[in-house]
Each structure stands twice: as C-alpha cells, then as structure tokens.
Amino acid sequence: MAMLSTHGLTAHYGQFQALFGVDITLDAGECVAIIGANGAGKTTLLRSLSGVLRNEPQSIRYRGEPIGALPADAVMKRGVAMVPEGRKLFPSLTVEENLLIGAHARRGSGSWTLDAIYNLFPILKERRDNAGTALSGGQQQMVAIGRALMSNPDVLLCDEISLGLAPVVIRDIYKAMPRIREGGAAVIIVEQDIGQALEVADRVYCMMEGRVTLSGTPTDLTREAIHAAYFGAAA
Amino acid sequence: MNWIDTIVQGILLGGLYALFAAGLSLVFGIMRLVNLAHGDLIVLAAYLILLIVSLLGLSPFVAALIALPLMFGLGYVLQKVVLNRVLGEDILPPLLVTFGISVVIQNALLQGASADTRRLPTGDVGVASISLGGINVGILPLLTFGSAVAVILILNHVFYRTALGRSFRATSDDPTTASLMGIRPNAVFAQATGIAMMIVTIAALYLGMRANFDPAVGPARLIYAFEAVIIGGLGSLWGTLAGGVIIGLAQTIGAAINPEWQILSGHIAFLLVLLFKPRGLFPRAFD
C-alpha cells in the first residue's frame with residue numbers, strides 16, 4: 001500500500017479549476033519528482049497534500065487514512081511536512097527560532113535535532129542568531145528545509161526549492177538530499193529544473209494543465225517523451 | 001506648584017494607561033484585531049472583582065487573583081466562538097463585531113449593576129504614601145506602575161523566550177505557514193486574547209481602586225489605551241509603556257497648568273507624536 005496517494009484529486013480557486021483528477025502515489029522511503037511548466041498545477045497539488053487547500057476527504061490518503069479534508073496543522077501532526085514555495089521564513093524569528101518552530105509538533109524521537117540540522121547545513125549554525133530574512137536566498141532555503149525536518153516527518157514536500165537560486169547554490173542544497181532520505185523521510189519534490197529532478201528522483205510525474213501527462217522512472221523517460229508531456233507537443 | 005511632583009505623578013499615571021494598553025497591544029500585534037470593546041472589558045473585569053469582593057468579603061487584590069482565570073476563560077471563549085469567525089482580509093467585520101460587544105457589555109452592566117458609580121475598597125493602601133527624596137508618592141500609584149512594568153517584563157519574556165511566544169510571533173507573521181508547522185492559528189489567537197484579558201483584569205483592579213467607575217467609562221479607557229499603543233509604535237510592548245507615560249505626563253502637566261486641560265493635553269500629545277513620528281516612537285522594523 002502506498003504511504004501517500006491521491007485519488008482523482010481536483011482543486012479549484014474560485015471558478016478556476018487547477019487540478020483535474022490527479023492520481024499519484026508515494027511509497028515509504030521513496031523520492032518522487034513532479035515536473036511541469038508554470039501553471040501546470042504542481043504547487044496546487046502540494047498545497048492540497050499539505051492541507052493548505054482542503055479537498056474531498058477520500059481524495060488524499062495517508063497510511064490508509066483519508067486526510068483530504070484535514071487542515072494543515074492536522075496533516076502536519078500526522079507526519080507530512082512542507083517546505084513551501086518562496087521559503088516563507090518567519091521574519092520576526094531568528095534562524096534558530098525558525099528551526100525550533102518546526103519542532104512545534106515534533107513527533108517521536110527521530111534523528112532530526114537542531115544539531116543534526118546544523119550538521120547538515122553548517123552555515124546556519126554561524127548565522128543562528130540572525131533574522132531568518134537577513135540570509136541569502138540559498139541559506140533561507142536551507143532554513144526552510146531544516147525547519148520542515150525538525151518535526152521528524154515521514155513525508156517531506158518540497159516546493160520549488162531551486163527557484164531563484166544560482167546553480168552552484170542549488171547543487172549545494174541538493175547535495176543534502178541523500179542525507180535527508182537516510183533520515184527516513186519519503187520526499188516529493190516539485191521542480192522546474194528537470195535535470196536536477198531526474199538526478200535525485202526514483203520516479204517522476206510530469207504535469208500539464210492540471211493533469212498528470214507522463215510518469216515513470218528517470219531511466220524510462222526519454223527526452224522526447226518529457227518534452228511532449230511538458231509542452232504538450234511532439235518534440 | 002511643584003514640577004518634579006507633577007512629573008512623578010504623571011509617570012505613575014502612565015503606568016495605569018500602559019496597563020489599559022498592554023492587552024490591546026498584544027491582541028493587535030498578534031492578529032491585527034482592533035478590539036473596540038477593550039475599554040468595556042476592563043470595566044466588566046472591575047465589576048467582576050467588585051462582585052467577588054462583596055460576595056466573599058475578600059480584599060480586591062485576592063479577588064483579582066480569582067478573577068484572572070475567569071477572565072482568561074472569557075477571553076479564550078470570546079475569541080474562539082466569536083472573533084475568530086470574523087478575522088480575515090477585511091478589517092471591517094471585526095471592528096463592527098467588537099463595537100457591538102462594547103454596546104452589549106455597557107447595557108448588560110447598566111441592567112445588572114445600575115448606573116451608580118462604584119469603587120473597589122482600598123483599605124489602608126488607598127491612602128498610604130511614602131516619601132521619596134522629599135516627594136510624597138502614593139503606594140497605590142507606585143503599585144500600579146510597578147505592575148505595569150512587571151506585566152511588560154513578563155510579556156516580553158513570554159514573547160521572546162518561550163515556545164508559546166515563538167508560536168505567537170510566527171502566527172502573527174504568517175498564519176498559513178504557521179499552520180504548516182502544526183500550529184493552529186485559531187487556538188493561538190484564543191490563547192492570546194485570554195492572556196490579554198488577564199492583563200485587562202490587572203488594569204481593572206487599579207482602575208477600580210484609584211477612581212470611581214460606572215458602566216459608561218469604558219470607551220474613554222479605550223481611547224487612552226489606543227493612544228498609548230499608537231505612540232509607542234505598533235507591536236512594541238516597551239513602546240506601549242512609553243506611550244502610557246507620555247499620555248500620563250501630558251495629562252498631569254496640563255492639569256497642573258489648568259485643571260480643565262487635563263484630558264485635552266493627553267490628546268494633543270498624541271497628535272504631536274503622530275505628526276512627527278507617524279509610525280510611533282518604537283515601530284517594528286518591518287510591516
């Protein structure tokens with residue numbers, strides 16, 4: 001049984017329908033990438049999974065339990081943590097406080113502690129007393145990832161963690177991905193950087209206009225197939 | 001006329017205004033809610049203390065200790081059942097609802113306790129004073145000011161040194177992202193209003209011991225509280241104390257020149273601060 005799955009998931013913003021019957025699955029320990037152009041519905045999908053957008057109860061299941069209608073705090077307490085798009089650090093909290101608040105609903109005695117996060121991203125320890133928003137974009141992203149890990153999640157949702165960052169910084173952040181997975185969390189990453197996504201993911205879903213248009217393992221998918229699924233036209 | 005005496009009395013009066021204002025400041029700082037019933041809630045708490053005093057024959061200080069958890073509960077329920085439903089992008093609904101609560105409290109008190117003016121019995125504390133460097137200072141004003149400083153010290157500690165304060169600040173920054181941390185913004189808001197109502201109870205204790213009150217005096221307390229918050233800069237608790245002191249000073253200095261100028265001087269001081277420092281004396285760095 002999949003750990004986290006969606007079943008004909010739809011989502012609306014007022015009159016506008018953003019998702020049309022999306023079915024995806026995530027197994028324990030797996031890393032799944034969701035790729036697609038702007039407006040494909042990737043972020044909407046993550047917002048639905050995290051409970052920021054509420055849906056039909058049965059449209060999202062986590063460990064067999066319907067969670068589609070739960071609010072974000074309840075989803076989080078069950079073990080699904082999110083690194084939101086745009087990082088969204090709390091401006092009135094220091095770096096360390098931003099990390100600590102991630103442990104607000106800490107679950108069990110998992111491996112992620114403040115020290116473990118500082119070990120993963122040593123630069124954050126030096127800047128622990130700075131305001132979170134005084135950091136560079138890459139460092140802010142590290143805080144946002146560390147903050148989500150502090151709850152010892154079973155599922156980590158990462159929304160566009162490379163957005164607006166220099167390639168060398170993106171590489172640094174993705175270097176942490178194997179260690180994050182060793183910590184036990186299954187990961188869903190939403191990415192526009194296809195190369196990066198294919199490199200770390202076990203499986204890939206490609207979305208276009210609110211639907212999954214292609215899925216498979218990175219080795220199965222040809223450039224042409226991805227191109228077609230991404231842009232809706234033959235390469 | 002003794003100017004030093006006037007200034008000391010003004011500063012101590014500022015402590016009372018800071019107590020009026022601290023709860024308002026807390027609630028506004030966390031959820032951008034302007035509670036127009038704040039003054040009436042202070043008056044309500046004063047009647048509650050009076051009720052406990054007359055029913056159980058206790059001193060007002062002990063009665064206030066009993067009132068503290070009751071008022072916390074009232075604040076928690078008020079926020080959870082009423083105010084959380086009207087918080088949102090639009091600032092008008094909460095203004096209307098708290099205005100309505102203000103009217104309801106005033107009329108309920110009028111019905112239940114009549115329009116007669118009341119006062120909490122102070123015993124010896126009310127008239128006791130000590131001499132500080134040649135100036136006679138009343139014990140009660142000193143206690144008021146000391147309580148204001150203590151309240152602000154404790155609030156600052158809670159805000160900046162505890163997990164509860166962290167969740168207050170995070171929710172104030174961004175409720176949606178806070179919910180991604182497992183925080184329930186509505187529960188945080190209810191706790192904050194509960195704490196604000198405990199400060200309101202302390203303010204009510206000194207209001208009721210220092211002066212007469214009746215069901216209609218709430219709105220004027222709201223104005224002083226509001227001015228103190230704005231002078232201090234939104235979101236700064238020490239600024240709120242400074243704001244209270246500025247209004248207290250302006251009022252006593254105005255009254256020393258001409259008794260009719262007391263209230264007016266406070267409002268003029270407020271306008272002057274707005275003119276030169278529109279964001280208050282200690283504004284937050286962002287907003």
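- B:S167 places none of its side-chain heavy atoms less than 4.5 Å from the side chain of B:M181.
- In this structure, the side chains of B:I247 and B:H267 stay at 4.5 Å or more apart for every pair of heavy atoms.
- If you tally non-hydrogen atom pairs under 4.5 Å between each of A:M82, A:K77, A:R147 and chain B, the highest count goes to A:R147.
- Using a 3.5 Å distance cut-off with no hydrogens or angles, the side chains of A:E96 and A:Y118 do pair a donor with an acceptor.
- Remark: aromatic rings of B:Y224 and B:F20 are distant, center separation not under 6.0 Å.
- When each of A:N98, A:V75, A:L100 is scored by its heavy-atom pairs under 4.5 Å with chain B, the top score falls to A:L100.
- At a 4.5 Å heavy-atom cutoff, B:A163 makes no contact with chain A through either its backbone or its side chain.
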